[in-house]
Structure formats: structure tokens, C-alpha cells
Amino acid sequence: LGGHAVEQPVRDHAQPYGRHDGLLQRQHGTPPVPVLSRRFEERIYIPPKAGFFSRMKFFKTVSAILLGVLLANAGEVEDLIGELGSGDKVKRREAARSLALLGPAARAAVPALITGLDDDEEQVFFWSATALAKIGPDAHEATPELIKRLKRSGRRYKDQVHVRIVHALTQIGPAAVLQLTGALGSEHSSVRLGAVRVLGNLGFASREAAPRLFDLLADDSESVRFSAGSALGRIGDVAYPQIIQGLSADSATVRGAAAHAVVWIPANSHPAIHLAKRLAKETDNETKVAGLNALNRIGFDGERLLAMLLPALDSEEPRLRQEALSGILSLRPNSRAAVPHLIERLAAEDPSKRKQAIDLLGRMGYDASVAVPKLITGLGQADEEEKRSIRNALVEMGPASIPSLLDSATEIPLAKLLGETWQADCIGGIGIQAVSSLTNSLNENPGNGAGLLSLVALQKIGDKSPTTRQVILPWLEHEQAVF
């Protein structure tokens with residue numbers, strides 16, 4: 001929850017005693033009682049042949065120990081409740097933290113912890129909220145007060161306050177759903193947003209709130225709308241009717257918010273398929289962005305998604321173009337289906353479209369290896385800026401571009417290859433990943449330009465491994481001096 005000097009969140013496995021034992025003893029005057037955190041059979045040996053009365057004596061002993069621990073914890077909680085009302089802010093802070101460490105055992109302290117939520121000391125608030133979260137369902141009586149505090153706080157760390165309250169309500173769980181559903185009608189957008197987020201966190205347990213969440217798809221606040229869509233998706237298939245209704249709404253605002261639900265549901269679900277059909281004729285750019293993003297993230301069928309992504313590449317809306325680029329790069333199972341379309345785009349008259357295709361092909365790596373010859377051919381007609389783009393793409397593709405780069409050198413005069421060539425620069429830019437392909441080329445091209453380019457590129461890369469040296473040594477006796 002970083003960004004300010006708040007103690008680290010309490011770990012779930014933390015015990016209520018440890019390095020603060022001395023402090024607790026000084027404060028409360030009684031030594032801490034050890035918590036039985038390991039299994040009894042690891043602590044106490046029971047002879048396998050012990051008689052009935054021996055075993056009864058053992059279980060009585062264990063019961064007495066447990067009762068003692070419970071009574072000691074109860075006494076400790078009462079003491080900490082008293083400390084939480086102290087005029088000393090350090091004592092209040094330590095009491096709230098100790099109650100958080102006790103977890104469900106501190107349920108008697110819920111009323112005092114509710115009061116701690118209003119403490120002027122930031123740390124007392126944070127630890128009180130954490131303690132209520134650790135107590136969990138037994139803190140359900142705090143639900144109304146926690147919901148009230150979802151309003152925009154006047155505290156210094158407003159966002160962190162909201163996060164802590166949302167977390168506490170989430171940990172209280174399904175018992176809070178009814179009151180959270182009521183909070184969806186609050187006049188304060190921050191309360192509506194917090195309630196929506198908690199209901200989303202609770203998933204299926206929030207199913208009764210689905211109709212109210214649907215209404216919030218048209219909320220004035222974008223954050224509330226998008227979170228309401230996500231919450232419907234997280235509720236699951238019982239909320240599919242509301243999701244489909246939202247995706248079919250007349251309002252583009254509602255359709256865009258409903259698209260956020262699809263991120264949380266399977267790619268073969270009815271709402272996902274319905275969204276794909278709607279996007280084919282969608283006119284609102286924001287809804288297109290949200291819809292394409294959702295389908296891409298859930299791994300929707302690559303071929304069907306590609307048909308929607310390609311037209312978006314030509315959109316005048318930058319966010320939609322960016323979503324199309326991202327979608328093409330993450331198509332499932334891979335991006336190869338887009339390669340033929342991008343190769344066609346290399347011949348477009350618009351230089352921005354060519355550059356777009358060049359950049360995409362470069363980022364695809366091996367998936368776009370069939371496009372390398374076309375990229376190399378394009379160098380002949382390109383201006384300097386486009387040449388740089390093509391060369392950068394060839395480098396970015398890595399080893400996938402090396403075979404075609406070497407082939408392009410087979411007809412180049414050997415003497416020319418000894419100078420600076422763009423092919424050698426590209427392979428050198430690929431670096432150590434190219435070494436394996438280059439050493440193989442030396443065996444396959446003993447006396448042509450591809451072989452010499454391989455030697456020149458290895459020199460640029462500077463690999464001095466024994467394997468590479470062993471491959472190069474025979475070339476010292478090559479019949480052509482240039483080698």
C-alpha cells in the first residue's frame with residue numbers, strides 16, 4: 001500500500017506475540033501466554049499402547065491448556081481495548097496493532113476498533129481497519145461504519161484510506177452484501193465506487209446485487225461504471241443476463257462499461273461471443289477500445305478477433321490504433337495469422353501504414369520470419385527514415401532474420417563485404433543470439449558471400465568462445481585470401 005510511512009501489512013501467519021512481548025508485558029503487567037501454533041503430536045508424545053485412562057488424562061490436560069490460552073487471550077483483549085482508549089497515541093497505536101495480530105480472537109474489540117477508525121492519529125486508523133479485516137466475518141457489526149467511511153476522507157492519505165476500508169469490508173465477506181447493495185444508491189460517488197469494488201471482490205456471493213450493479217453501468221462516474229461492469233463479470237454466469245443487456249444497450253456509455261465485464265469471463269461464453277458480434281458494427285470508438293481489449297485479454301478466437309483488429313489499424317483514434325497493435329501482437333495461439341495482411345500493407349502508398357506494418361513485423365520475431373525477404377526487398381525503394389525502420393525491425397526479429405540476411409549477400413562482390421554493409425550491421429545488432437546461425441552458415445557456405453558475411457558478423461559480435469574459435473580456425477587456410 002506504499003507511498004507513506006504506514007507499517008507493513010500484517011502477514012496472515014503472524015502470531016500475536018514475538019518481538020513486542022516485552023512491550024506488551026510492560027504495558028499490561030502479565031507475561032504473554034504462548035500460542036499453541038504447532039500440532040499437539042509434535043509437542044507431546046502419546047505412547048501408542050497407552051491405556052484408556054492415560055489417554056483421558058492427556059486430553060484433560062490439553063483441554064486445560066486450551067482453556068487457559070483462551071482465558072488469557074480474552075484478558076489480553078480486554079487490556080488492549082482499554083489501551084485503545086488511552087490518551088497516549090503510542091499506546092493506542094500499539095494496542096490497535098496488537099489486536100490486528102490477534103485476528104479473530106480479538107472479536108470482542110470490534111466496537112473499540114470502530115471508534116479507532118475516527119482516531120486523529122493516522123497509524124491508529126490504519127491498524128484499526130487492519131484489525132477489523134483480520135477479525136473477518138465476526139466484525140460484521142462494523143459494516144455500516146466502514147461503509148460510511150468510504151466517503152472521500154479528509155485524511156492525508158485519502159486513497160490508502162479507501163483501499164483499507166474496501167479490504168476490511170471484503171474480509172467481512174457475504175454478511176456485508178445486503179448493506180453494500182444499499183450503498184450503491186449513495187449520493188457520494190466514492191461510496192458507490194467502494195461498494196461496487198467490494199461486491200466485485202466477493203464474486204458469486206454478490207449475485208443478488210447484479211440488477212443494482214447493472215443500473216450503475218450508466219453512472220455519472222467513469223470509475224463507478226467500469227467497476228460495475230467488472231463486478232458483474234466477477235459474479236459469474238448468474239450475471240450474464242445483465243452483461244448481455246448492457247452490451248446491447250442503446251447508450252454507448254453503457255455498452256462500453258458492460259464490455260469491462262467480459263474481461264472476467266471465459267472466451268467461449270455467451271457474453272463474449274455477443275460482444276464480438278456487436279463490435280463488428282459498433283460505431284463508438286471508446287466502446288471499441290474497451291471491447292477489443294476485453295476480447296484480447298481473455299484469449300478470444302484469433303481469426304475472429306483479427307478481422308476486427310485490422311480495420312482498427314486505420315482508425316483516426318490513437319487509442320483504438322494502439323489497441324489494434326497490442327491485440328495483433330498477442331493473438332492466440334500466435335500472431336502468424338496477421339503476417340500475410342501486414343506483408344500486403346508493406347506495399348501501401350501511405351508511409352504511415354508501411355511503418356506500422358514494419359514495426360509490427362519486427363516485434364513478432366519468428367512468427368514473422370516469412371516476411372523478412374519482403375522487408376529486405378523494400379529497402380531498395382525506401383527513403384532513409386524507412387530504411388532505418390526496416391533495419392531496426394530486422395534486428396528486433398533476432399535470429400529469425402539471419403537466413404535471409406545471409407542469402408542477400410550471396411551475389412555481393414566479396415571485396416565489398418569487407419567494408420561496412422547494412423547486413424553486417426544488422427547481424428551485429430542481433431548480437432550473441434546470432435552466433436549459432438553464423439557458425440552453421442560457415443559450414444554451409446564455404447566460399448561465397450554468405451560465408452564471408454558470417455565471418456565479418458562474427459568479428460563484429462566478438463564472440464571468443466572455444467566452439468566459435470574451432471569453427472573459424474580452418475578458414476585461415478582458405479584458398480581465397482579474402483577469407
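Index from 1, following the sequence.
- Applying the ring-ring contact (aromatic ring centres under 6.0 Å, His included) test to every pair with at least one member in residues 441-483, sequence neighbours left out, gives these pairs: Trp475-His478, Trp475-Phe483, His478-Phe483.
- Checked by atom type and distance alone, the side chain of Asn448 pairs as donor or acceptor with a backbone atom of Gly451 at under 3.5 Å.
- Here Glu396 contributes atom CD and Ser389 contributes atom OG; the two are 11.0 Å apart, rounded to the nearest 0.5 Å.
- Across Leu213 and Ala231, no two heavy atoms sit closer than the pair CD1-CB, 4.0 Å.
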Can you give each donor-acceptor pair under 3.5 Å made by side-chain atoms of residues 297-305, sequence neighbours left out, with the distance rounded to 0.1 Å?
residue : atom : partner : partner atom : Å
Asp301  : OD2  : Arg304  : N            : 3.1

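- Checking side-chain atoms of Arg321 against main-chain N and O of Ser315 turns up a donor-acceptor pair under 3.5 Å.
- Two residues are said to be in side-chain contact when any heavy atoms from C-beta on lie closer than 4.5 Å; Ser248 and His274 meet this criterion.
- We find the CD1-CD distance between Ile235 and Glu208 to be 9.5 Å, quoted to the nearest 0.5 Å.
- Between the side chains of Ser441 and Ser454, a donor-acceptor pair is found at a separation under 3.5 Å.
- With respect to the salt-bridge test (charged N to carboxylate O, under 4.0 angstrom), the residues Asp359 and Arg354 do not qualify.
- Ile412 has its side chain out of reach of Thr421: every pair of non-hydrogen atoms, C-beta onward, lies at least 4.5 Å apart.
- For the atom pair Arg152 CZ and Leu193 CG, the distance stands at 10.0 Å (nearest 0.5 Å).
- Sparse packing is recorded around NZ of Lys355, with 12 or fewer heavy atoms of other residues, nucleotides or ligands lying under 6.0 Å away.
- One finds a salt bridge joining Glu145 and Arg149 here, because a Lys/Arg side-chain nitrogen approaches an Asp/Glu carboxylate oxygen to under 4.0 Å.
- Legend: residues meeting ring-ring contact (aromatic ring centres under 6.0 Å, His included) with Phe226, ordered by chain and number and at least two apart, are His260.
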Show me the donor-acceptor pairs, under 3.5 Å and distance only, between side chains in residues 427-437 and residues at least two apart or in other chains.
none

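- From Lys148, atom NZ reaches atom CG of Leu146 across 11.0 Å, with rounding to the nearest 0.5 Å.
- Judged by distance alone, the side chain of Arg319 and the main-chain N or O of Glu286 form no donor-acceptor pair under 3.5 Å.
- Here Ile165 contributes atom CD1 and Ser190 contributes atom OG; the two are 11.5 Å apart, rounded to the nearest 0.5 Å.
- With salt bridges taken as basic N to acidic carboxylate O contacts below 4.0 Å, one links Arg336 and Asp367.
- Side-chain contact check for Phe214 versus Pro241: every heavy-atom pair is 4.5 Å or farther apart.
- Of the candidates Arg97, Gln171, Arg164, Arg164 is the only one forming a side-chain hydrogen bond (donor to acceptor under 3.5 Å, both in side chains) with Thr130.
- Atoms CG and CE, on Leu275 and Met308 in that order, are 7.5 Å from each other to the nearest 0.5 Å.
- Under the 3.5 Å distance criterion, the side-chain polar atoms of Ser186 are left unmatched by any main-chain donor or acceptor of Ala183.
- Each of Leu438, Leu442, Val482 was scored for a side-chain contact (heavy atoms from CB on, under 4.5 Å) with Leu455, with one residue passing: Leu442.
- Atom CZ of Arg363 is surrounded by 12 or fewer heavy atoms from other residues, nucleotides or ligands within 6.0 Å.
- Side-chain contact check for Leu184 versus Arg192: every heavy-atom pair is 4.5 Å or farther apart.
- Looking at Ser206, its side chain never comes within 3.5 Å of a backbone N or O of Ala209 through a donor-acceptor pair.
- No side-chain heavy atom of Pro137 sits under 4.5 Å from any side-chain heavy atom of Ile172.
- Few gaps surround CG on Leu418; more than 12 heavy atoms of other groups in view lie less than 6.0 Å from it.
- Residues Met397 and Met364 are not in side-chain contact: their nearest non-hydrogen atoms beyond the backbone lie 4.5 Å or more apart.
- With hydrogens and angles disregarded, no donor-acceptor distance shorter than 3.5 Å links the side chain of Ser404 to the backbone of Ser401.
- By the side-chain hydrogen bond (donor to acceptor under 3.5 Å, both in side chains) test, Thr283 is found to be paired with no residue, residues two or more places apart in sequence or in another chain being considered.
- Sorted by first then second residue, the salt bridge (charged side-chain N to carboxylate O under 4.0 Å, His left out) pairs that include residues 338-350, not counting sequence neighbours, are Asp314-Arg345.
- At least one side-chain heavy atom of Leu346 sits less than 4.5 Å from a side-chain heavy atom of Leu361.
- Between Ala294 and Val262, the shortest heavy-atom contact is CB-CB, 4.0 Å.
- Within a 6.0 Å radius of CD in Gln459, other residues, nucleotides and ligands contribute 12 heavy atoms or fewer.
- Taking the charged nitrogens against the carboxylate oxygens, Lys460 and Asp425 do have a contact shorter than 4.0 Å, which makes a salt bridge.
- Lys158 meets the salt bridge (charged side-chain N to carboxylate O under 4.0 Å, His left out) test with no other residue; sequence neighbours excluded.
- When the salt bridge (charged side-chain N to carboxylate O under 4.0 Å, His left out) test is applied to Arg391, no partner is found at least two apart in sequence or on another chain.
- The stretch residues 260-285 participates, sequence neighbours left out, in these salt bridge (charged side-chain N to carboxylate O under 4.0 Å, His left out) pairs: Arg255-Glu282.
- The side-chain hydrogen bond (donor to acceptor under 3.5 Å, both in side chains) check on Arg388 picks up nothing, with sequence neighbours excluded.
- Taking Gln242 as the reference, nothing meets the side-chain hydrogen bond (donor to acceptor under 3.5 Å, both in side chains) condition, with sequence neighbours excluded.
- For Ser465, the side-chain hydrogen bond (donor to acceptor under 3.5 Å, both in side chains) criterion is met by Asp463, Thr468, not counting sequence neighbours.
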